[in-house]
There are 2 protein chains.
Amino acid sequence: MNLELTPVQTVACCSPLSREPLSASEAEGIAPLLKALADPVRLRLMSLVASHEGGEACVCDLNGAFDLSQPTISHHLKILHGAGLLEREKRGVWVYYRARTDALANLAALIGGQSR
Amino acid sequence: MNLELTPVQTVACCSPLSREPLSASEAEGIAPLLKALADPVRLRLMSLVASHEGGEACVCDLNGAFDLSQPTISHHLKILHGAGLLEREKRGVWVYYRARTDALANLAALIGGQSR
DNA sequence: TTAAGACATAGATGAGTGTAAATATTTAGG
DNA sequence: CCTAAATATTTACACTCATCTATGTCTTAA
């Protein structure tokens, strides 16, 4: 149970990019989230997980979608997880990832300023 | 007058991240936009420009906000401009940048899926 | 206990990136 | 013209990053 606000949440509700200048520390908190998303493989991973049935996907479902080695996919998943964009759950031999749609929505609200 | 759709616009209208898996080429088109935003300095630059009165800011307004050299700021502005997130207009000795709020909104719609 | 499969970690490497110093370009004034 | 000011470009460098190979850990099944 994590009740702390992510760097995005502390700002997204009332201070989108265009409303007032981001402080240096706010920017340093948000940039890593964007950085995590700013890779073609990770964008596709997020999309694959988020659009997968049940809202979650096993790593075994993901590896086959790329022409990359298994450790590379694992590496990208770790980055997305570390940024708080993916949840991780181990069930038996398999590991399932689930998209943090709240984090995505907050990011979107910050950037676009008009999401709900 | 540029009537072509940006990589984001081709997708944002009906295919947010969570709706269906992003294709490799879509992801490769969108990632550079996120990459451009995924830096604390560039995030603050975007925010400074977007929230500045008149929706635009002179480079002279921006340089002072950072503890960085003028060429470094110029470099970041070039990246944001190259990604299509900032418009550039020279007036006399000064160069004014303006935020492409449409591009930001499209990005937000793609990520969050619910903006309008 | 052994073996096999799913996933993660470690180490190495080549490509990319943020920054500064030096220099160039453009514009307005004298 | 010449100079000064605003901004961009070039070059160089330290650092980060995406990727692979090799290896480790954990879980299930035989």
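Every chain is numbered from 1 and lettered A, B, ... according to where its sequence line falls, protein lines coming before strand lines. Hydrogens, waters and symmetry mates are skipped; everything else that's a heavy atom, side chains included, is used.
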Round to a whole Å and report the spacing from [atom1] of [X] to [atom2] of [N].
| X | N | atom1 | atom2 | result |
| --- | --- | --- | --- | --- |
| Arg44(A) | dA18(D) | CZ | P | 16 Å |
| Leu77(B) | dT19(C) | CG | P | 12 Å |
| Ile79(B) | dA8(D) | CD1 | C1' | 14 Å |
| Leu86(A) | dC7(C) | CG | P | 14 Å |
| Asp39(A) | dT19(D) | CG | C1' | 11 Å |
| Glu89(B) | dA8(D) | CD | P | 13 Å |
| Leu43(B) | dG18(C) | CG | C1' | 15 Å |
| Leu68(B) | dT19(C) | CG | C1' | 8 Å |

* Asked: Is there a side-chain polar atom (N or O) of Lys78(B) under 4.0 Å from OP1 or OP2 of dA8(D)?
  -> no
* **OP1 or OP2 of dA20(C) under 4.0 Å from side-chain N/O of Thr72(B)** => yes
With a cut-off of 3.5 Å and sequence neighbours excluded, list every side-chain donor-acceptor pair involving residues 35-46 of chain A.
unit_1: Asp39(A); atom_1: OD1; unit_2: Val41(A); atom_2: N; d: 2.9
unit_1: Asp39(A); atom_1: OD1; unit_2: Arg42(A); atom_2: N; d: 3.2
unit_1: Arg42(A); atom_1: NE; unit_2: Ala36(A); atom_2: O; d: 2.6
unit_1: Arg42(A); atom_1: NH1; unit_2: His76(A); atom_2: ND1; d: 3.0
unit_1: Arg42(A); atom_1: NH2; unit_2: Lys35(A); atom_2: O; d: 3.2
unit_1: Arg44(A); atom_1: NH2; unit_2: Ala65(A); atom_2: O; d: 3.2

* Are the side chain of Ser51(B) and the backbone N or O of Arg19(A) linked by a donor-acceptor pair below 3.5 Å? -> no
Quick test: give all pairs of protein nitrogen or oxygen and nucleotides 5-7 of chain D nitrogen or oxygen below 3.5 Å, distance rounded to 0.1 Å.
unit_1: dT7(D); atom_1: OP1; unit_2: Val95(B); atom_2: N; d: 3.3
unit_1: dT7(D); atom_1: OP2; unit_2: Cys60(B); atom_2: N; d: 3.1

* Asked: At what distance, to the nearest 0.5 angstrom, does CZ of Arg98(A) lie from CD of Glu56(A)?
  ->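 Reported value, rounded in 0.5 Å steps: 4.5 Å.
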* To do: State the CG-CG distance between Leu85(A) and Leu77(A), to the nearest 0.5 angstrom.
  =>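 Going from the CG atom of Leu85(A) to the CG atom of Leu77(A) covers 11.5 Å.
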* To do: Name the residue closer to the 5' end of DNA chain C, choosing between Ile73(A) and Lys35(A) according to the nucleotide with the nearest heavy atom.
  => Ile73(A)
* To do: Could you say whether Gly92(B) or Pro71(B) is positioned toward the 5' end of DNA chain C, judged by the nucleotide with the nearest heavy atom to each?
  =>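 Counting from the 5' end, the first nearest nucleotide belongs to Pro71(B).
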* To do: Look at the side-chain heavy atoms of Ile, Leu, Val, Met, Phe, Trp and Tyr, link any pair under 4.5 Å apart, and say whether Val49(A) and Ile79(A) land in one connected group.
  =>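 Looking at the clustering, Ile79(A) is in a separate group from Val49(A).
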* Would Tyr96(A) and Leu80(A) show up in the same hydrophobic cluster when neighbours are defined by side-chain heavy atoms closer than 4.5 Å? -> no
* Of all pairs that satisfy disulfide (SG to SG under 2.5 Å), the ones with a partner from residues 20-70 of chain A, not counting sequence neighbours ->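 Qualifying pairs, neighbours excluded: Cys58(A)-Cys60(A).
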* Checking all strands, does His75(B) fall into the base, sugar-phosphate, or nothing category for heavy-atom contacts under 4.0 angstrom? -> base
* Asked: Touch check for Arg42(B), heavy atoms < 4.0 angstrom, all strands: base, sugar-phosphate only, or nothing?
  ->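 Result for Arg42(B) = sugar-phosphate.
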